[in-house]
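Just so it is clear, the structure is predicted and the values come from calculations on it, not from any experiment. What you see below is based on every heavy atom in this structure, not just the backbone, and it leaves out hydrogens, waters and symmetry mates.
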Amino acid sequence: MKITQGIIGMAMLIIAAIQGQAQTDGTQTGTNQNVVEAAVQRRKAAEGQTAGSSTSPAASPTGSEGPAASSLSGIGFSAMGESGGSDDPASGPCPGFVQQVFSVVDTNAAASNDTNLYNELLSFPTNTNTGPELQIMLYQTNIVLIRANHFDYSADTRDFALVICDSVLIPLWKNINLSNTTNVQDGWLIQGLVPNFQVTDPMYLMVSNISLSCDAFFRAIPYSGPQITLAGANPNDTVSNTITLQAAIVDLSGTANQTFGIEVAGLSANYSLAASNTISIDTSYFPNGNEDVSLLVGNTNALLYDPTSSATDTKLNYATSADIPFDFEHSSYVISAGDMCTPDVGTNYFVFGINNAEHIQATISDPSNGHIVMAYSNYFPSAATVAIPWNFTESNGITPYSNDTYVVTVVMSDPDTFTLANAIDRTRVRTAAGSILQYEDEDPTTSAGAIVDSESASWGGAISFLYTSLYDYDFGSTSQYYPSQIGYGRDNPYSPVMPFELSANTQTGWVSWLQGVCTNPVFSDFNYGPGHANNDLIGGGQWRYSWQNYVNATISGPQVQAWLLAGAQGARNNWRVRKAAMWACYTANNVNPGNNTFSSPAWPPKLGIKPTLVQLKTSSYKNVGMFFTSKLDFAPYGSSQVSISEVAAVFEQLWAYGPSPYPGGCDPTWAFGWAVAKLESFYPELVSKAGALPIGYPFVPFTGNFDSELSTNNTGDVNY
């Protein structure tokens, strides 16, 4: 949560050094292997390590960048090298980088509150160049000030990244080999980020708590994650059987352990990966027609940060994708794999399309021992859609199948053979019930903090009252419904009191409070914010050090997931939340916006929310949530310039009451997706700046009365 247009705090692990400037066109790759090897040996010597392998030569990505580097030479060096054999890439950076803090300086705030800093900013020499350039100086004994001149990101979807390395000779980019990713971090990493829409000219940056025993060089570049190019086929080619693609991938030279995935039509593909990023994809598992083949590549270590004291409000992970559209043509093909189906639907169907006469034989087997649990055979004299049923039992048709995975093998006479390795979705979504509400205070001694706290308390209370007055017999009821009409327990109890106000005074009890409500299945919805967060933590503050923050208590996604699991009724059952709203920065990080593919850690899977395409294509219990891919400012939003607290309250009213929020008119059967669309029409900044991203089943209504039919994708009773 960003409170004002003042300081953007992003705590990073950095070293800094300064003096002079160097400029290039930003595309130099520095592929001299001896230079790289020497740097690796130098770093290892500094850490007392033995020699090892060097980094690979780098490729030069397309696109313009800022100036090459600004540095202060002659004050020693630091090892930002390998992690000593550890598989944890976060353990790699030198301790000299660990303690530094990055921020953007608001000159108006500095003029009012820190005249020494303001005068120092004014002392930068006049910049007469017209191109992008960094100027840098040492301030006090352990602070670096940088002025970024003439950077224009108004038409760029990437963020402004200040990257750092201990040698300007190290390549900025390196080639990524997906079949041999490593934990080596010998190169350039991101010290701090500024969202593209907040880049100004000039822009003043600060790196504090630097180590003067370390060399460091800074560069400014646009960055949005790995850069991917797919070759081997042309867009819109007609394909069948197996297609082979080759991926060229480059990323910052300091990143390590890239993750990846291959998808067709947003679903996991059957593929094999060979040397040189050669990918072979079996296309027969996807329907006829035009579909995209996607390669997704992500990293969790482009930024320097301390994993034991991670800063909130900071984007820590990146994922990008490259797509090629193809025209799939098959004599037979999979329409629905039947994967991730819940046994509660009774019968699962594996659906195939055939374009001519076929004799079809199918078996379902247990992969743990190979025994057959179902056999099917039939003849179809012409083109047809074939649905093969299975009721989740053993071969006798009565005994429930107990394993969580199974294999479907289908043999067509033309011939075609399909093998589907499926899983059973035995976890359910919590029955529609109460809503967990919580928000975070800012320092009330500041004018901005006082405003934030007042707005949050006011609108948090409004949401709480909305939920505690749902039924006809509740005081102040607007909806005038009964439990049988919108589900039991949709009104919050008066104990525990909602919302929870996270402050310096209440933070010690916050963990136990949240654990208590998460383990209690009478709460089905999870709401947080406004407050500080990133893709793995909620709470805390935007600064690296505790003395800089008003609140320091944090709770991680894995903690919340463990509490939800602990409160589930039955083995692994009923733990997933029905609805989530995470009104905080980067809560959708580690999610690919195109198809909601997740990589760890990420908040949606920790709350049990499955990707949108998975929920749309499977017979399973549905849930949904609202998350944000970027920084979520506290204000202003819409033509009325309201706070994010009011935006959150408006959203809850839209979803619970529908388009007519008055007695006798409100309707809790309107889809979550409809409420999101309405909200974004009122407050377009949610998308353009904060990257609002609804994830999950868009047709989930407030009422829980239709959850069973929604599990089979029957949306007939939902308005949208």
### Query
Angle class for the Trp655/Phe651 ring planes (parallel below 30°, perpendicular above 60°, tilted otherwise)?
parallel
### Task
State whether the side chain of Trp188 and the backbone N or O of Ile170 hold a donor-acceptor pair below 3.5 Å, judged by distance alone.
yes
### Message
Would you say that Ile555 contacts Leu537 through its side chain, given a criterion of any heavy-atom pair below 4.5 Å between the two side chains?
### Response
no
### Donor on one side chain, acceptor on other, Thr712 and Asn714, under 3.5 Å
no
### Query
Is Asn592 close to Ser599 at the side-chain level, that is, under 4.5 Å between some pair of heavy atoms?
no
### Query
Are Tyr333 and Phe328 an aromatic pair by the rule of ring centers under 6.0 Å?
no
### Query
How many angstroms lie between OH in Tyr621 and OG1 in Thr342, if you round to the nearest 0.5 Å?
5.5 Å
### Any side-chain donor near an acceptor of the partner, Asn595 and Thr597, under 3.5 Å
yes
### Query
Regarding Asn301 and Thr255, is there a side-chain donor-to-acceptor distance under 3.5 Å anywhere?
no
### Query
Quick one: does Asp536's side chain have a donor or acceptor within less than 3.5 Å of a partner on Ser556's backbone?
no
### Task
Please report the C-alpha distance between Phe260 and Ile228 in whole Å, then the side-chain angles of each, then the deciding distance to 0.1 Å, and finally whether the side chain to side chain contact (heavy atoms under 4.5 Å, CB included) criterion is met.
CA-CA 11 Å; Phe260 70 96; Ile228 308 168; over 6 Å; no
### Query
Going by distance alone, is a donor N or O of one side chain under 3.5 Å from an acceptor N or O of the other, for Glu440 and Tyr528?
yes
### Message
Is any side-chain heavy atom of Pro325 closer than 4.5 Å to one of Asn290?
### Response
no
### Query
Any side-chain heavy atom of Phe326 within less than 4.5 Å of one from Thr283?
no
### Query
Taking atom CD1 of Ile190 and atom CG of Leu304, what is their separation to the nearest 0.5 Å?
9.0 Å
### Query
Would you say Arg426's side chain and Asp404's backbone share a donor-acceptor pair under 3.5 angstrom?
no
### Message
I need the minimum non-hydrogen distance between Ala588 and Leu693, along with the two atoms involved.
### Response
CB-CD2, 4.1 Å
### Query
Backbone N or O of Met582 within a donor-acceptor pair of the Thr587 side chain at under 3.5 Å?
yes
### Query
Would a distance-only check, ignoring hydrogens and angles, find a side-chain to backbone donor-acceptor pair under 3.5 Å from Gln246 to Ser276?
yes
### Task
Kindly indicate whether the side chain of Trp575, heavy atoms from C-beta on, has any atom under 4.5 Å from the side chain of Gln561.
yes
### Verdict with supporting geometry, Asp152 and Ser154, side chain to side chain donor-acceptor pair (under 3.5 Å)
CA-CA 6 Å; Asp152 183 2; Ser154 58; 2.7 Å; yes
### Summary
Correct closest heavy-atom pair for Pro171 and Ser253 would be O-OG, 2.6 Å
### Query
Could you give the distance from OG1 (Thr618) to CE (Met340), rounded to the nearest 0.5 Å?
7.0 Å
### Query
Can any side-chain N or O of Asn288 pair as donor or acceptor with the backbone N or O of His330 at less than 3.5 Å?
yes
### Query
Of the non-hydrogen atoms in Cys518 and Val560, which two are nearest, and what is the gap between them?
SG-CG1, 4.2 Å
### Message
Under the side chain to side chain contact (heavy atoms under 4.5 Å, CB included) test against Phe627, which residue among Asn535, Val591, Leu607, Leu632 passes?
### Response
Leu607
### Query
Would a 4.5 Å heavy-atom cut-off, applied to side chains only, mark Gln191 and Leu189 as touching?
no
### Query
Distance-only, no hydrogens or angles: does the Asn534 side chain make a donor-acceptor pair with backbone N or O of Ala311 under 3.5 Å?
yes
### Query
Can you find a pair of side-chain heavy atoms, one from Phe197 and one from Tyr153, that are under 4.5 Å apart?
no
Enumerate, atom names and distances included, each donor-acceptor pair closer than 3.5 Å involving a side-chain atom of residues 265-275, sequence neighbours excluded.
none

### Summary
All heavy atoms of Pro195 vs all of Tyr586, minimum pair found to be CG-OH, 4.2 Å
### Task
For the pair Asp344 and Arg428, find out whether any cationic side-chain nitrogen is under 4.0 Å from an anionic carboxylate oxygen.
yes
### Task
Using the side chain to side chain donor-acceptor pair (under 3.5 Å) rule, collect all pairs that involve residues 605-616, keeping only residues at least two apart or in two chains.
Asp425-Lys610, Asn596-Thr612, Gln615-Asn623
#### Entry: Step-by-step side chain to side chain contact (heavy atoms under 4.5 Å, CB included) determination, Leu252 to Ile221
CA-CA 11 Å; Leu252 289 174; Ile221 64 167; 3.7 Å; yes
### Query
Do the side chain of Gln438 and the main chain of Asn527 share a donor and acceptor less than 3.5 angstrom apart?
yes
### Message
Could you check whether any side-chain heavy atom of Tyr406 comes within less than 4.5 Å of a side-chain heavy atom of Asn348, counting everything from C-beta outward?
### Response
yes
### Message
Return the CG to CG distance between Asn573 and Leu565, rounded to the nearest 0.5 Å.
### Response
11.0 Å
### Inter-residue atom distance Asn277.CG - Thr229.OG1, 0.5 Å rounding
11.5 Å
Would you be so kind as to tabulate the donor-acceptor pairs closer than 3.5 Å made by side chains of residues 670-685, with sequence neighbours excluded?
residue	atom	partner	partner atom	Å
Ser681	OG	Lys678	O	2.5
Glu685	OE1	Gly638	N	3.0
Glu685	OE2	Gly638	N	3.3

### Task
Give the minimum heavy-atom separation between Ala247 and Leu295, together with the two atoms involved.
CB-CD2, 3.4 Å
### Task
Output yes when a side-chain donor or acceptor of Arg578 lies under 3.5 Å from a complementary backbone atom of Phe702, and no otherwise.
yes
### Query
How many angstroms lie between atom CZ of Arg576 and atom OG1 of Thr427, to the nearest 0.5 angstrom?
4.0 Å
## Note on the structure
Contacts of Tyr439 meeting ring-ring contact (aromatic ring centres under 6.0 Å, His included) (sequence neighbours excluded), chain-then-number -> none
#### Entry: Donor-acceptor contact present, side-chain Tyr285 to main-chain Ile281, <3.5 Å
no
## Note on the structure
Here the ring pair (Phe, Tyr, Trp, His ring centres under 6.0 Å) pairs for residues 230-253, sequence neighbours left out, are none
### Task
Verify side chain to side chain contact (heavy atoms under 4.5 Å, CB included) between Val577 and Phe523, making sure each step is shown before the conclusion.
CA-CA 8 Å; Val577 303; Phe523 294 102; over 6 Å; no
### Query
Hey, are Asn196 and Asp156 close enough side-chain-wise for a donor-acceptor pair under 3.5 Å?
no
### Message
If the condition is ring-ring contact (aromatic ring centres under 6.0 Å, His included), which residues does Tyr318 pass it with, not counting sequence neighbours?
### Response
Tyr223
### Task
Would you name the heavy atoms of Thr242 and Asp282 that are closest together and state the gap between them?
OG1-CA, 4.3 Å
### Message
The test is side chain to side chain contact (heavy atoms under 4.5 Å, CB included); show your working for Lys579 and Val700 and say whether it passes.
### Response
CA-CA 8 Å; Lys579 170 258 186 176; Val700 172; 5.8 Å; no
